Amino acid sequence: MQNYEMLELTGTVGTIIYRNEDNGYTVIELDDEDETTAVGIMPDVNPGENVRLIGAFKPHASYGMQFSVTAYEKSMPEDVAGILSYLSSGSIKGIGPSTAALLVGEFGSKTLEALENEPQRVAKLKGISLKKAVDISRQLRENSGIRELMLYLAEYDISPASAVRIYKSFGSHSIEEIKRNPYSLVGEDFGIGFEKADKIAIKQGREPNEKIRVRAGLAFVLRHNRSNGHTCLPQDKLTETTKNFLQIDSAVCERVLEEMIVDNSLIRYETANREYIFETDMFRTESYIAARLKMMLRFPAAVIPDIDEHIKAIEDYNGIKYAELQKEAITQALSRGLLVLTGGPGTGKTTTLNAIIRILKNKGQTVMLCAPTGRAAQRMSEVTGDEAKTIHRLLEVAWNRSDRPEFKRNEKNMLKCDALIIDEVSMVDAQLFESVMRALPLGCRLILVGDSHQLPSVGAGNILDDLVSSEMIPVVALTEIFRQSMESLIVTNAHRIVHGEMPELNVKDRDFFFLRCDNSEVINKTVLELCRNRLPRAYGYDILKDIQILSPARKGELGVNELNKTLQQAVNPKADGKNEMSVGKRVFREGDKVMQTRNNYDLLWVKDDGETGSGIFNGEIGIIESIQKKSRIIKIRFDDKVASLDFDFAAELDLAYATTVHKSQGNEFEAVVMPLFRGAPMLMYRNLLYTAVTRAKKLLIIVGSESVVERMVGNDRKNKRYSGLKYFLWETENDS
């Protein structure tokens, strides 16, 4: 990495070229001979202000040399001419050139002091109301408050961007709040780790076993484990982990935990065998889901009459014969109004689902379809012939200033449907499922479709497994592989893997191939050769549109990061006339295959038929059509729509020639190539292999070691997830 000489610049701000109001990122032009462009987090810098900037000159691919600011100080103008210029620039809302002249004429060199501290005096001037004067005072105080907070936090290596987020939360009392409780900074809202908060606390002279630290430590351990999928933790595991993390005595940890339970900061739930500790929001989430499901069982949707006759009519019309389990699933959905339908590939889930939809529609019912990801929703639309939406779009999501979802559809504004069908339920986390349940009308039918052998949701919760294992909810598990699916080795090997049997690896004339390689370098070259030459020649597959490399891990010699670098260089190398841009260590180039890594509902898109809309979702894969450096826009084609991204959103992209198995959930690809060699033991297990195999529609090629395949098949270790939904379902049943 190149080292740049740190310099100090002083000058007057001439122009604000660009500012992101949310994170404070600002591009300014200094009013000097060189018209220096400076960039960085400077939320309160305005035209006419004198600034001292600390940073380095760095080249930008589009705009040439810029001064990258790492820290800054500013001083307000002191003479009358400078104050008049500053106020006339429009930096303070509500003050234009004429008002600025009026103010300076009245208060002279004391104008800024009067505006900030004496709004009553300012309000006596003609045309300035007290409300306007108070608002101007607030703006000036806020600007100085942010700057003061940045300087305070810089001592602890906390970035200006984090300082902006902290100020938006705590306002002018930010420093006081940090001094009172430095651990209030810990969490996803501010992006501050526990260690940095500890550093502040140590400098304040706080003791390791101080109550405020132990409370924060217990909460932090729970939140950290939420990111690993747990909605709660056993009490003994929580206290032991926290004790070791904080390096304190068990007795102190247990005493503080009891206090947090008494004041409802945390909630304890006792089962027959163990005590579990929840964060309050997660306890409410899972207990609400359980109560709502129990209500649906007590007061089910109206029974559809003559179900057998409807099934017979569809069989005759389509010239098919449903298996007994399929008939049972259709009957349960139409009679009880609540069904979990599970099954692996080739077991007839789609055929069963289509029958349910057709019968309900024939009876005049409104049916809505949804899935957790954009790709899964698109595939659901394709196989049913009906529109399917992502769950977020179905619930009409909006994102608040903390980048958290808020849904317009809820208890006060419910979905308008008689039946809701959710596909890929294994991917749905507890909080998203709670949002669905809150928006579900009374008497609405609910059909949940998924594969219990797939990997669980990325977010916290274990919805599908808990519903099935509770034995409280009607479940039909389709197990019979239909004859036409038996011809697919992808399907039959997937079922062999689920049952702990080795897949057939020696068959050479079907859709599942195994290429033995016991050297990572050879595996890498083989994967590259398959994608560049062999599969395009033999099958006409396109590396960008049809072939997807899936790896268990992101890191390592055959991890996603290295594979993407190799594939990008081979498939889409740097070339004259081909624009590219850098985001951290990643390079994005026109023609690259990329993946959106978070839901962004503000991204605008245009379909080929002229339809417009917004929203690109986590997991959607596209191809970069253009990188427009002057306008700072990246245009990416996602299937039949082209989205326009500002450069600021490029951090949400990742190269997608290769992706992890976890990230591939909800997607299907024409051809999947999977390198399998040495890897982290925690990623070498059956469910992960099964999920990868079932992502392939027409062709699957595993390149690697047979012993690794054998180890994964034999490892039925499912990642243990602690959750309360099953217990809450049992409890509500006992209470009834």
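Just so it is clear, the model here is predicted, and its values are computed rather than measured. In what follows, residues are counted from 1 in the order of the sequence shown.
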With a 3.5 Å distance limit and no angle check, can you tell me whether Arg695 reaches the backbone of Asn667 through a side-chain donor-acceptor pair? yes
Do the side chains of Ser551 and Leu563 get nearer than 4.5 Å, heavy atoms only? yes
Between the side chains of Ser381 and Glu387, is a donor N or O closer than 3.5 angstrom to an acceptor N or O? no
In short, side-chain hydrogen bond (donor to acceptor under 3.5 Å, both in side chains) pairs touching residues 324-335 with sequence neighbours left out are Gln326-Thr352
Looking only at non-hydrogen atoms, find the nearest pair between Arg292 and Leu440 and report the distance. NH2-O, 2.7 Å
Would you say Arg226's side chain and Leu222's backbone share a donor-acceptor pair under 3.5 angstrom? no
Look at Lys698 together with Glu670 and state whether they make a salt bridge at an N to O cut-off of under 4.0 Å. yes
For the pair Asn493 (side chain) and Glu504 (backbone), establish whether a donor and an acceptor sit closer than 3.5 Å, ignoring hydrogens and angles. yes
I'd like to know if Lys312 and Asp316 make a salt bridge, using a cut-off of under 4.0 Å between side-chain N and carboxylate O. yes
Distance alone, cut at 3.5 Å: any donor-acceptor contact between the side chains of Arg721 and Ser457? yes
Going by atom types only, do Glu652 and Gln596 share a side-chain donor-acceptor pair under 3.5 Å? yes
Hey, does the side chain of Arg510 reach the backbone of Glu487 with a donor-acceptor pair shorter than 3.5 angstrom? yes
Is any NZ, NE, NH1 or NH2 atom of the basic residue among Lys641 and Glu620 found under 4.0 Å from an Asp or Glu carboxylate oxygen of the other? yes
Check Glu501 with Arg496, please: is the shortest side-chain N to carboxylate O separation under 4.0 Å? yes
For Tyr727 and Asp466, which I'm curious about, is there any donor-acceptor pair between the side chains at under 3.5 Å? no
Quick one about Asp511 and Ser488 (side-chain donor to acceptor, distance below 3.5 Å, no hydrogens or angles considered), yes or no? yes
Check whether any side-chain N or O of Trp730 sits under 3.5 Å from a backbone N or O of Ser470 as a donor-acceptor pair, and report yes or no. yes
Would Asp306 and Lys363 pass as an ion pair if we require N to O under 4.0 Å? no
For the backbone of Gly461 and the side chain of Ser723, can you confirm whether one donor and one acceptor N or O come within less than 3.5 Å of each other? no
Could you give me the CA-CA distance, side-chain angles and deciding distance for Lys593 and Asp654, then say whether salt bridge (Lys or Arg N to Asp or Glu O under 4.0 Å) is met? CA-CA 9 Å; Lys593 183 177 183 179; Asp654 207 350; over 6 Å; no
Atom CD1 of Ile447 and atom CG of Leu420: how far apart are they, to the nearest 0.5 Å? 8.0 Å
Do the ring centers of Phe283 and Phe728 come within less than 6.0 Å of each other? yes
Tell me every residue that passes ring pair (Phe, Tyr, Trp, His ring centres under 6.0 Å) with Tyr722, counting only those two or more places apart in sequence or in another chain. His230
Rounding to 0.5 Å, atoms CG (Leu415) and OG1 (Thr366) come to a distance of 11.5 Å
Residues Asp546, Tyr539; criterion side chain to side chain donor-acceptor pair (under 3.5 Å); working and verdict: CA-CA 10 Å; Asp546 304 314; Tyr539 299 94; over 6 Å; no
State whether the number of non-hydrogen atoms from other residues, nucleotides or ligands found under 6.0 Å of Glu315 atom CD is greater than 12. yes
For the CG atom of Leu455 and the OG1 atom of Thr694, what is their distance to the nearest 0.5 Å? 8.5 Å
Can you tell me how far OG1 of Thr659 sits from CD of Gln548, rounded to the nearest 0.5 angstrom? 6.0 Å
Are Asp639 and Lys607 ion-paired here, with the side-chain N under 4.0 Å from a carboxylate O? no
Salt bridge check, Lys349 against Asp423: does any charged N sit closer than 4.0 Å to a carboxylate O? no
Charged N to carboxylate O below 4.0 Å: is that the case for Glu625 and Arg637? yes
Using side chain to side chain contact (heavy atoms under 4.5 Å, CB included), reason through Val594 and Ile621 one step at a time and then give a plain yes or no. CA-CA 6 Å; Val594 293; Ile621 294 174; over 6 Å; no
Leu448 vs Leu341, test: side chain to side chain contact (heavy atoms under 4.5 Å, CB included). Steps then yes/no. CA-CA 6 Å; Leu448 306 173; Leu341 177 63; over 6 Å; no
Taken to the nearest 0.5 Å, the spacing of Ile391 CD1 from Ser435 OG works out to 9.5 Å
